[in-house]
Amino acid sequence: MGSLKQGVVSRRKLLVGLLLLFYFYGGVLLIMDCVVVVSGIGVNWGTQATHPLPPSTVVRMLKDNGIDRVKLFDADSKYLNALANSGIQVMVGIPNEMLSTLASSVQAAENWVAKNVSSHVSSNGVDIRYVAVGNEPFLPTFNGTFIGTTLPALQNIQAALIKAGLGTRIKVTVPLNADVYQSQSNLPSEGDFRTDIHDLMLQILKFLSDNGGPFTVNIYPFISLYNDPSFPIDFAFFDSNSSPINDNGRVYENVFDANYDTLVWALQKNGFGNLSIIVGEIGWPTDGDKNANLKFAQRFNQGFMSQVNAGKGTPMRSGAIDAYLFSLIDEDAKSIQPGNFERHWGLFYFDGQPKYQLSLGNGRNGLVTPKDVHYLAQKWCVMSPSASLDDPQVALSVSYACGNADCTSLGYGTSCGNLDSRGNISYAFNSYYQINNQLDTACKFPNLSVVTNTNPSTGDCQFRIMIKTDTTASAGERRLSRSVGLQAYILTFVFIIM
């Protein structure tokens with residue numbers, strides 16, 4: 001290490017944060033102690049949206065875009081039913097909240113498998129390949145809540161699959177955060193599993209190896225950039241001009257390869273060097289932060305796809321990488337606790353419109369737009385021209401609108417970051433109006449708002465119109481009734497303290 005150039009040493013120091021911030025996820029096939037990777041690209045289909053596309057439309061999108069594998073975050077029957085006889089391979093998920101029940105009861109595991117796996121495989125023709133048991137259960141933020149239940153739940157689900165006659169067809173796995181391993185020297189070759197869970201990790205690795213299950217891993221270079229302003233931005237991409245990292249002759253030109261190989265080294269050192277790995281989540285958001293934009297997202301995702309399609313692999317593992325892009329569609333109801341970018345990971349906007357040119361390497365030149373998507377009327381809720389910025393109700397109304405809608409495209413460096421004050425207010429009002437399905441009562445901010453037929457969009461800042469869903473009207477009324485009650489409470493509270 002002493003012979004490394006100073007610039008390389010400086011770059012190596014950045015890997016500490018990377019190893020703690022990246023995520024890993026996926027699935028592969030292990031046969032006769034050889035790593036067998038089924039190459040190709042899949043996507044994560046998240047469903048936390050106020051106006052989701054119909055499941056059947058999404059399945060057509062997947063097929064039209066040549067995507068033949070999808071990862072779900074639960075086992076909701078309406079999505080699994082839509083995937084019936086589609087030819088798309090599926091990974092279903094089990095939330096962390098269910099781990100305790102599944103760990104303590106074999107019968108509960110058998111019931112879950114019967115309802116969420118067996119019934120869809122046997123009668124609906126759903127091609128389920130993996131069950132993801134939990135989701136990053138060893139995060140420090142969970143304070144050890146799931147340490148004692150993850151492995152037993154994994155074992156019980158595997159036993160239930162075997163009893164159902166599905167043990168050889170469907171594999172179990174646990175999506176783990178990359179903080180389960182680390183490198184003391186910040187080089188991939190020093191990778192090993194975290195000391196506080198080292199024994200548990202070895203038990204999980206043995207169980208996965210014995211049952212042909214993959215090690216699941218999510219990688220997010222964007223998160224490193226988001227959390228560390230000094231992170232060298234070019235090193236996050238696959239066309240980097242940054243100085244490479246030299247790890248005893250293995251050269252790393254991007255952080256994905258370095259992080260992936262840290263895991264490979266950790267597996268190898270503990271006797272599981274042949275355990276299969278799939279990148280289950282990888283992507284770049286397009287809004288909600290100064291580095292979350294269309295240009296960077298296109299650059300990152302296309303760079304990753306080019307590496308995947310070239311079958312290049314990493315310095316420690318040559319050959320194809322199997323991966324699930326994160327994610328398919330934007331989700332405007334996701335928690336923004338990690339950051340405003342959380343609602344903007346999609347390759348497609350909420351309505352299925354592609355965000356940018358992207359070649360998945362499956363014979364198609366770009367992403368394909370879904371058919372038969374229907375929108376609400378061409379009208380928007382904006383700040384009234386006669387309203388004053390000095391009106392004391394402005395701040396309260398904007399805060400309320402954004403608290404009950406989606407204003408994550410507002411702010412420094414975002415797509416709507418250049419709006420003036422009236423534009424910001426109009427954006428907030430319109431977001432609330434659209435999420436509440438353009439109900440007249442959703443554009444009744446006191447003496448501040450008005451409905452217009454003139455599109456207020458400007459440049460990259462789009463004042464979007466929501467799509468129609470099967471439950472549009474009733475959902476809007478329910479949302480608004482809850483909101484009106486909350487607004488009445490806030491207004492009363494403000495009136496009292498004034």
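FYI, side chains are in, hydrogens and waters are out, and symmetry mates aren't considered; it's all heavy atoms of this structure. A quick note: this is a predicted structure, and the numbers were derived from the prediction, not measured.
The closest side-chain donor-acceptor pair between Tyr432 and Asp406, if any, does not fall under 3.5 angstrom. Asn437 and His51 share a donor-acceptor pair across their side chains, judged by distance under 3.5 Å alone. Side chain to side chain, Asn259 and Tyr220 fail the donor-acceptor criterion of an N or O pair below 3.5 Å. A side-chain donor from one of Gln307 and Asp257 sits under 3.5 Å from a side-chain acceptor of the other. Asn124 and Asn81 share a donor-acceptor pair across their side chains, judged by distance under 3.5 Å alone. Between the side chains of Tyr375 and Asp351, at least one donor-acceptor pair of N or O atoms lies under 3.5 Å. In this structure, a donor-acceptor pair under 3.5 Å is absent between the side chains of Thr414 and Asp287. Using modelled atom types and a 3.5 Å distance limit, the side chains of Thr145 and Asn143 yield no donor-acceptor pair.
Inter-residue side-chain proximity for Ile128 and Tyr130 is flagged as unmet; no heavy-atom pair is nearer than 4.5 Å.
Within the cation-pi definition used here (under 6.0 Å to the ring centroid, within 45° of the axis), Arg464 qualifies as a partner of Tyr349.
Contact check on Lys444 versus Asp440 returns no salt bridge, with no Lys/Arg side-chain nitrogen under 4.0 Å from an Asp/Glu carboxylate oxygen. The residues Arg194 and Asp179 are annotated as salt-bridged, a charged nitrogen and a carboxylate oxygen being separated by less than 4.0 angstrom. In this structure, Asp330 pairs ionically with Lys355, as a charged nitrogen and a carboxylate oxygen lie closer than 4.0 Å. Salt-bridge formation is detected for the pair Asp322/Arg69: a Lys NZ or Arg NE/NH1/NH2 atom is positioned less than 4.0 Å from an Asp or Glu carboxylate oxygen.
At least one donor-acceptor pair closer than 3.5 Å links the side chain of Thr262 to the backbone N or O of Ala258. In this structure, the side chain of Asp76 engages the main chain of Lys78 through a donor-acceptor pair within 3.5 Å. Under a 3.5 Å cut-off, the side chain of Gln48 and the backbone N or O of Lys334 do not form any donor-acceptor pair. Formation of a donor-acceptor pair under 3.5 Å by the Ser209 side chain with backbone atoms of Leu205 is not found in this model. Under the 3.5 Å distance criterion, the side-chain polar atoms of Gln298 are matched with a main-chain donor or acceptor of Gln357. In this structure, the side chain of Thr216 engages the main chain of Val174 through a donor-acceptor pair within 3.5 Å. Checking side-chain atoms of Asn116 against main-chain N and O of Trp112 turns up a donor-acceptor pair under 3.5 Å. At least one donor-acceptor pair under 3.5 Å links the side chain of Asn44 to the backbone N or O of Leu325. Not a single donor-acceptor pair under 3.5 Å links the side chain of Gln89 to the backbone N or O of Asp68.
Note that the OG1 atom of Thr469 and the CG atom of Leu376 stand 8.5 Å from one another [nearest 0.5 Å].
Annotation for Asp460: atom CG does not count as buried by contact number, only 12 or fewer foreign heavy atoms lying within 6.0 Å.
The ring of Phe138 has its center no closer than 6.0 angstrom to the ring center of Phe146. For Tyr433 and Trp380, the ring centers are positioned 6.0 Å apart or more. Aromatic ring centres of Phe296 and Phe237: separated by under 6.0 Å. A centroid separation of 6.0 Å or more is found between the aromatic rings of Trp284 and Phe341.
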Next item on the list: Could you please spell out the steps behind the side-chain hydrogen bond (donor to acceptor under 3.5 Å, both in side chains) verdict for Asn301 and Tyr356?
Entry: CA-CA 10 Å; Asn301 284 326; Tyr356 45 82; 2.8 Å; yes
Note to self: I'd like to know whether Tyr260 forms a side-chain hydrogen bond (donor to acceptor under 3.5 Å, both in side chains) with Asn254, so could you lay out the CA-CA distance, the side-chain angles of the two residues, the decisive distance to 0.1 Å, and finally the verdict.
What the structure shows: CA-CA 11 Å; Tyr260 187 98; Asn254 64 76; over 6 Å; no
